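The structure presented is a predicted model; accordingly, all values stated were derived computationally and were not measured. As a basis for the values below, the full set of heavy atoms in this structure was taken, side chains included, without hydrogen atoms, waters or symmetry mates.
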Amino acid sequence: VTLNAPLPQAMRRIPCFFRFDNAPLEATGLTLDAYARGVVLMSSLFMGPALLTLATEEAQTSCDSCGEDARIYGMKPSSLLSNIAIVTGVLTALILPPFGAIVDHTPYRQQVGLWS
């Protein structure tokens with residue numbers, strides 16, 4: 001993109017503080033992706049310990065005499081984050097192939113991209 005050329009339609013929707021003026025459109029996309037990954041990482045750093053604390057408190061209040069063997073929803077509170085990661089991984093492995101096939105082999109590429 002030269003300095004005097006008009007911006008592509010996709011670039012006009014992106015706020016100017018996210019755009020690289022003299023770089024390819026992909027550089028802006030990669031930058032926005034990095035911002036989003038950072039937000040997800042920071043939220044998981046705060047939410048993980050909070051979920052563990054809440055699960056431990058709930059397990060201890062529901063069973064006062066259990067001690068270290070207290071459980072919530074049939075699992076120990078310390079395994080909550082591991083189970084969340086396992087369920088997320090399995091669901092991702094099951095859901096992504098159909099979405100990929102829809103995006104690759106149907107005319108609904110843009111609608112699926114906008115929806116997801």
Q: Could you pull out all residues at least two apart from E57 that satisfy side chain to side chain contact (heavy atoms under 4.5 Å, CB included)?
A: T53, L54

Q) Got a sec, which pairs hit salt bridge (Lys or Arg N to Asp or Glu O under 4.0 Å) with one end in residues 27-47, sequence neighbours left out? A) D33-R37

May I have the list of side-chain donor-acceptor pairs in residues 43-51 shorter than 3.5 Å, sequence neighbours left out?
| residue | atom | partner | partner atom | Å |
| --- | --- | --- | --- | --- |
| S43 | OG | V39 | O | 3.3 |
| S43 | OG | V40 | O | 2.9 |
| S44 | OG | V40 | O | 3.4 |
| S44 | OG | L41 | O | 2.8 |

Q: Would you please name every residue forming a side chain to side chain contact (heavy atoms under 4.5 Å, CB included) with S82, sequence neighbours left out?
A: none

Report, one line per pair, each donor and acceptor closer than 3.5 Å where one atom sits in a side chain of residues 88-100; sequence neighbours left out.
| residue | atom | partner | partner atom | Å |
| --- | --- | --- | --- | --- |
| T88 | OG1 | I84 | O | 2.7 |
| T92 | OG1 | T88 | O | 2.7 |

Q: Looking only at non-hydrogen atoms, find the nearest pair between A55 and L80 and report the distance.
A: CB-CD2, 4.0 Å

Q: Determine which pairs satisfy salt bridge (Lys or Arg N to Asp or Glu O under 4.0 Å) with at least one residue from residues 76-87, sequence neighbours left out, and list them in order.
A: none

Q. How close do L52 and P77 get, heavy atom to heavy atom, and via which atoms?
A. CD2-O, 3.2 Å

